[in-house]
Amino acid sequence: MRLYVYVLEAKDLPVKDSYVKLRVGKKKSKTRILKNTIVPVWNEEFVFRVHGTDEELVVSVYHHAEEPKVFSGSGNLLGRIWIPLWSVAAEKNQTLPPTWFPLERPKTGKFINENCGKIFLTISLHGKSYETSTNRLLCAHSNNNIEEPKELEVSCISCQDMFSSKAPSRKIAEGKHLMKTIANRLEKIFHKNEEASRSDDSSELSSTLSDYEDCMEEHSSSCSFVEAIEMMKSRYDEQDKMPENLQGGILLDQLYVVSSQDLNAFLFSPDSQFSKNLAEVQGTKDVQEGPWMWKSGATSNLTRAVSYTKAAAKLVKAVKATEEQTYIRADGREFVVSVSVSTPDVPYGSTFKVELLYKIVPGPEISSGEESSRLVVSWGIKFLQKTMMRGMIEGGVRQGLKESFDQFASLLTQNFKTFDTVSVSNKDDVLETLGTEHQSDWQLATEYFWNLTVVSAIFMAMYFLVHILLSEPSNLQGLEFTGLDLPDSLGELITSGLLVIQLERVYNMISHFVQARLQRGSDHGVKAQGDGWVLTIALIEGINLASLVLTEFSDPYVVFTCNGKTRTSSVKLQTRDPQWNEILEFDAMEEPPSVLDVEVFDFDGPFDQATSLGHAEINFVKQPSTELADMWVPLEGKLAQSSQSKLHLRMFVDNNKGVEMIREYLTKMEKEVGKKGRLFLSSRIVGFYANLFGHKTKFFFLWEDIEDIQVLPPSLASMGSPTLVIVLRKDRGLDARHGAKSQDEEGGLKFYFQSFASFNGASRTIMALWRTRTLTPDQKAQIAEEQEDQDDTPIMLEDAGTIPDVEDAKLSKVFTAELPINIKSLMEIFDGEKLEHKIMEKSGCLNYATTTWELVKPDVFERHLSYKFNRHVSVFGGEVTCRQQKFPIANNEGWIVNEVMALHGVPFDDHFHVHFRYQMEKSVHTDCSCKCDVYIGVTWLISTKFQQQITRNITDRFAHRLKEIFEVVEREILFRTQQDSSI
């Protein structure tokens, strides 16, 4: 049997901070604490399991004390009442109607002489031995004078009215007889134990969750989901603001042709068919939905728990998840549901919780007269403790939620029509709002200069000026002469120095402010020109931006780069949380933008090199438009990640030629991938198509997705042909993963391309297009067209043209040495074996690869090399491709190795080649040593005014590098020889 106690409110209390304790037998519970009111309104429900009517309910009202008492609990007793359960069972429908009960004064304490006030309660019993009907009226409210005590006031509410708040309190005349009956029973209650002494029991114990859940199951028949929503509507406060979207970003933002009330019920009502269908689509099992219940706290909310087992993914096994869904707003038109998801079984699952926020609001009017609603779902992560895997966790959650809500949106679209007629107007509204939220220069200057430095400098200057006006000219003394007045004491010298320092600091601040205001440039507010794809960026704000000095703030500004063009924001002075509210537009492009580079700098003057505070890359192909419309972008970099810096952006990609252009572009892309043969290169994508015996393979990925391009030498596995390996960045090109052969250590997809006819033509074009990925699409297209004009056949791996011979260059000797090793040992640095790789890696070469020596002429051998310089060798980290030829000197007294080197990824890399000649011959002094001379020269393919400077830089750099290489060679060979002799 269950006892339901509804604590509604109290009045005439002697204090402002109060709460209520309830006790039935050994079971106890209490309400929340309400402060600053003598008429608290709790509206809370409590449930107790009872075994008979011989027990009694004790209701105590306490004053909340800010400092807890050691022996008397955390409050002082204001008053108490005792209600036997048999009196409730004797009432009609076993329900005591809402009644004002006067509180009995405590026997001890500070309130023994105070008027204790009254408490408003309603009580009912439910169980198998009692028939209940909560839809009938329980009592009537009467203003007639009766003979019973005046403290008793009875209001009339039905139990159903308490949940739905549909019916107001009803007045029923001629209720005198019923009032007398209630009064007589209450009189017996209050005087039954009048003589007994009662002790204050201050211990607290909340009722168990199982009792509460059982209570809600029994009550569900009388309080439906619709009635609970109506009750939340009655508690709606118009001053409550709509919560902001969570910082993780937007997963879904769509308009549906359905009313907001119906969409809310469709998604969250008990036994929703949509939830079952979604679980079936996503492979979710063991779904258990708890009933919607009232959760007491600072505010009472409707909440429920949902548990299920998520289907296994590629990297994660099937795991159990628990959701706590809570209504935080329901006014009949707008609904907001917060969801907290716990997955403790996943890696690091105990360190975070995933948060979702569903917002359902009425949509715009439709010409057909139908109602519409807008559903916005955003997400975030709440980290319960610090972890080094924060970035990995955020990336995994983002990817999992994206896939899950793609299925969610697809299934929801099957039930309700969607429309996007307000997307442009919504964009215009956003941009119009931002355009009006700028501070004037005077406001910015006031905020920037209103600090202690400026105020103290002005005060000191004014003080000095007044002193000068009030003082009389002093006599010349010491080394002074007319026109030169020197300080007469050490104190005057120090004071003058302080004033100069302060004025200098103020001058620097003024100069910095003026330069920062001029830094705004012409990018903000300038409309895009031309027809085509237009990228519009609304830069809203930033949070937790890093600072180079811990005690100071930075002066941040943002640079956006897309398709080789840049846009720059204004500088915000001395702030970690800048507010920009600026609109930046890129001129129209023929191809839709694919990647946007974002970098935040710290402004330090127009001629100083700006320091990066963080950077990010946004892929428009992978990000849905709904997420781009309002997203928080986490910044990468040491400073940014340590400060957890983020930018708030709103981005819109539109084609001002119309929606049909988008469809035409997608159709064109699909056709272009396979129209020319196996490999297709455009200014935007790399595509592949093959049809072998009816088995079709087709995929494409973006140039911006490529992390690295490597050339592997011929091998038995590749049937004697070179291999071009394209490595994508992590989490890029997932749509083309069916064409990938493997993955690298970081999870990037690797694609292998081979050719039995030719190789270097297509590889050269692919390399060129990839290195120029920051150029505009038109420039990329021109490169591809020039390559196609040279050869009408489909782009395959062709043979490269010849490289000028070493004899064509003017060589100069840059290194000579007598080495205590023989010719045979020295030539091991050119045989492609372990020693050569070890030495080149120690000298700063990355990904070093060589082909085998091949006989191209009598006694002339040739091979190819490729590698990268690390950042210590070249700040550009350039790539290197070489062709080497070797042939013996007459009488087999030594070898000559000629090398032609082409540098890539450095300034003017297409203007020159570097030539080397290694001449190694036996020493005239001993057979166990040899002489090595190295010559170097630069051949210019295209003239430039920097020829002498570049030639001198190359010669000096490689002369020093060759010296280091041969020192390592000598040390390694001698060490190996010593080890061999000791064995």
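All values reported here derive from a predicted model rather than from experimental measurement.
- Within a 6.0 Å sphere centred on OH of Tyr848, heavy atoms belonging to other residues, nucleotides or ligands number more than 12.
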**Study point:** Candidate pair Glu403 and Gln407, rule side-chain hydrogen bond (donor to acceptor under 3.5 Å, both in side chains), full reasoning
**Key:** CA-CA 7 Å; Glu403 296 176 358; Gln407 298 171 330; over 6 Å; no

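- Closest heavy-atom contact between Leu357 and Val336: CD1-CG1, 3.6 Å.
- Within the model, atoms CG of Leu375 and CD of Gln254 stand 9.0 Å from one another, a figure rounded to the nearest 0.5 Å.
- Taking the side chain as every heavy atom from C-beta outward, Val727 and Leu749 never approach each other to under 4.5 Å.
- Looking only at side-chain heavy atoms (C-beta outward), Arg374 and Asp253 come within less than 4.5 Å of each other.
- Using a cutoff of 4.0 Å between basic side-chain nitrogens and carboxylate oxygens, Glu617 and Arg729 are scored as salt-bridged.
- The minimum heavy-atom distance between Phe869 and Tyr867, with the atom names listed, is CE2-CE1, 3.7 Å.
- At least one side-chain heavy atom of Val397 sits less than 4.5 Å from a side-chain heavy atom of Trp379.
- Using modelled atom types, one side-chain atom of Trp580 and one backbone atom of Ser570 make a donor-acceptor pair closer than 3.5 Å.
- The environment of Glu746 atom CD is sparse: at most 12 non-hydrogen atoms of other residues, nucleotides or ligands sit within 6.0 angstrom.
- Atom OG1 of residue Thr351 and atom CZ of residue Arg390 lie 10.0 Å apart, to the nearest 0.5 angstrom.
- Judged by a 6.0 Å distance limit and a 45° cone about the ring axis, Arg567 is positioned over the six-membered ring of Phe586.
- Judged by distance alone, with hydrogens and angles left aside, the side-chain atoms of Arg732 form no donor-acceptor pair with the main-chain N or O of Phe701 at under 3.5 Å.
- Taking 4.5 Å as the limit, some side-chain heavy atom of Leu635 sits within range of a side-chain heavy atom of Leu545.
- A 4.5 Å side-chain heavy-atom check between Leu384 and Ser350 finds every atom pair outside the cut-off.
- Residues Leu246 and Lys382 form no side-chain contact, since every pair of their non-hydrogen atoms from C-beta on lies 4.5 Å or further apart.
- For the pair Gly733 and Leu728, the tightest heavy-atom approach, listed with the atom from each and the gap, is CA-CD1, 3.8 Å.
- Residues Gly637 and His615 come closest through the heavy atom pair N-NE2, 4.3 Å.
- Counting only heavy atoms from C-beta outward, the side chains of Ile537 and Leu596 approach each other to under 4.5 Å.
- Using a distance-only test at 3.5 Å, with no hydrogens or angles considered, a donor-acceptor pair links the side chain of Thr387 to the main chain of Met389.
- Side-chain atoms of Ser645 come within 3.5 Å of backbone N or O of Asn544 as a donor-acceptor pair.
- A distance-only check finds a donor-acceptor pair linking the side chain of Ser643 to the backbone of Leu639 [under 3.5 Å].
- Atom CG of Leu724 sits about 9.5 Å away from atom CD of Gln710, to the nearest 0.5 Å.
- The structure places CD of Glu244 at 6.5 Å from NZ of Lys359, a figure rounded to the nearest 0.5 Å.
- Residues Trp632 and Glu541 meet the side-chain proximity criterion, which asks for heavy atoms closer than 4.5 Å.
- Closest non-hydrogen pair, Asp744 versus Lys750, comes out as N-CD, 3.8 Å.
- The environment of Lys353 atom NZ is sparse: at most 12 non-hydrogen atoms of other residues, nucleotides or ligands sit within 6.0 angstrom.
- Here the CG-CG distance, from Leu539 to Leu647, works out to 6.5 Å after rounding to the nearest 0.5 Å.
- Expressed to the nearest 0.5 Å, how far CG of Leu903 lies from CD1 of Ile950 amounts to 10.5 Å.
- Between Ile618 and Val633, the shortest heavy-atom contact is CD1-CG2, 3.9 Å.
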Review point. Going through the checks in order, is the side-chain contact (heavy atoms from CB on, under 4.5 Å) test met by Leu356 and Leu251?
Key: CA-CA 9 Å; Leu356 300 172; Leu251 296 168; 3.9 Å; yes

